[in-house]
Colleague: 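One structure follows; several queries about it will come next.
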Amino acid sequence: MSLGSLKNAVVQAATRGVTEARARIFGHVLNPIGQRSPHKILRKKLIGDKVAQWYPHDIKKDDPLVMAREEQERLSKLEMLKRRGKGPPKKGQGKRASKRK
């Protein structure tokens with residue numbers, strides 16, 4: 001009986017050693033207990049740069065004239081809303097502040 005268990009222990013040790021060596025040589029991740037691992041996802045090539053290159057560069061952010069015109073449109077719209085009484089409340093006079101009193 002002990003000869004059989006000794007033989008099994010030697011075979012398991014040799015198999016484990018071969019498996020570890022194979023993982024080291026081929027760059028595999030050794031997972032002997034079969035626990036879930038994010039390695040499969042993490043080893044994939046990241047695609048963020050490729051996705052960013054697909055979309056054209058937004059020239060509106062670089063051109064100061066366009067930015068100034070958009071800011072002027074925003075301010076004029078805000079002024080129109082304030083004249084109608086629909087603008088944002090002054091600091092400390094909003095809905096939440098009125099509930100505290």
Side-chain angles (χ1 to χ4, degrees):
M1 288 290 252
S2 67
L3 184 61
S5 63
L6 181 63
K7 187 177 179 182
N8 285 339
V10 170
V11 168
Q12 287 179 350
T15 306
R16 191 177 317 121
V18 168
T19 306
E20 289 174 1
R22 182 176 54 201
R24 260 195 316 270
I25 291 169
F26 295 111
H28 296 163
V29 173
L30 189 60
N31 190 4
I33 57 176
Q35 194 174 11
R36 290 182 67 177
S37 169
H39 179 74
K40 182 178 178 181
I41 296 166
L42 293 175
R43 74 172 180 222
K44 288 185 179 177
K45 185 177 167 186
L46 298 176
I47 61 168
D49 294 333
K50 192 173 185 178
V51 171
Q53 288 174 357
W54 173 262
Y55 293 99
H57 179 69
D58 190 13
I59 60 169
K60 290 196 295 186
K61 300 222 187 292
D62 292 340
D63 192 4
L65 296 175
V66 174
M67 293 293 286
R69 189 179 73 232
E70 286 181 352
E71 181 68 14
Q72 187 61 35
E73 288 173 3
R74 185 185 74 81
L75 292 174
S76 65
K77 180 180 176 186
L78 187 62
E79 183 63 35
M80 182 180 67
L81 288 172
K82 280 184 182 178
R83 275 188 264 132
R84 291 190 338 207
K86 302 288 186 178
K90 292 180 182 175
K91 187 173 180 180
Q93 295 182 1
K95 188 188 279 189
R96 186 170 180 173
S98 63
K99 286 183 181 179
R100 285 189 175 175
K101 291 181 181 179

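In this text, all values refer to a predicted model and were calculated from it rather than measured experimentally.
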Colleague: So for atom CG, which belongs to Asp49, do other residues, nucleotides or ligands contribute more than 12 heavy atoms lying within a distance under 6.0 Å?
Modeller: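 Atom CG in Asp49 is not crowded, with 12 or fewer foreign heavy atoms closer than 6.0 Å.
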Colleague: Check this for me: Leu75, atom CG, are more than 12 non-hydrogen atoms of other residues, nucleotides or ligands nearer than 6.0 Å?
Modeller: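 Counting neighbours around CG of Leu75, more than 12 heavy atoms of other residues, nucleotides or ligands fall under 6.0 Å, so yes.
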Colleague: Does Leu42, at its CG atom, have more than 12 non-hydrogen atoms belonging to other residues, nucleotides or ligands within less than 6.0 Å?
Modeller: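 Yes, the 6.0 Å shell around CG holds more than 12 heavy atoms from other groups.
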Colleague: Taking only residues two or more places apart in sequence or in another chain, which ones pass salt bridge (charged side-chain N to carboxylate O under 4.0 Å, His left out) with Glu71?
Modeller: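 Once residues adjacent in sequence are excluded, the partners of Glu71 under the salt bridge (charged side-chain N to carboxylate O under 4.0 Å, His left out) criterion are Arg74.
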Colleague: Please list, chain by chain and in numerical order, all residues satisfying salt bridge (charged side-chain N to carboxylate O under 4.0 Å, His left out) with Glu70, sequence neighbours excluded.
Modeller: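 Partners of Glu70 under the salt bridge (charged side-chain N to carboxylate O under 4.0 Å, His left out) test: Lys60.
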Colleague: Which side chain to side chain donor-acceptor pair (under 3.5 Å) pairs, counting each pair once, include a residue from residues 21-37, with sequence neighbours left out?
Modeller: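 Listed once each, the pairs would be none.
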Colleague: Taking side-chain contact (heavy atoms from CB on, under 4.5 Å) as the test, write out the residues that go with Tyr55, two or more places apart.
Modeller: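 side-chain contact (heavy atoms from CB on, under 4.5 Å) check on Tyr55 returns Val51.
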Colleague: Are any non-hydrogen side-chain atoms of His57 and Asp62 less than 4.5 angstrom apart?
Modeller: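 Yes, side chains in contact.
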Colleague: Kindly write out the residues that satisfy side-chain contact (heavy atoms from CB on, under 4.5 Å) with Lys86, not counting sequence neighbours, or none if the list is empty.
Modeller: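 Listed in chain order: Leu81, Arg84.
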Colleague: Among all residues two or more places apart in sequence or in another chain, which pass the side-chain contact (heavy atoms from CB on, under 4.5 Å) test with Thr15?
Modeller: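 Scan of Thr15 (side-chain contact (heavy atoms from CB on, under 4.5 Å), adjacent residues dropped) gives Val11, Thr19.
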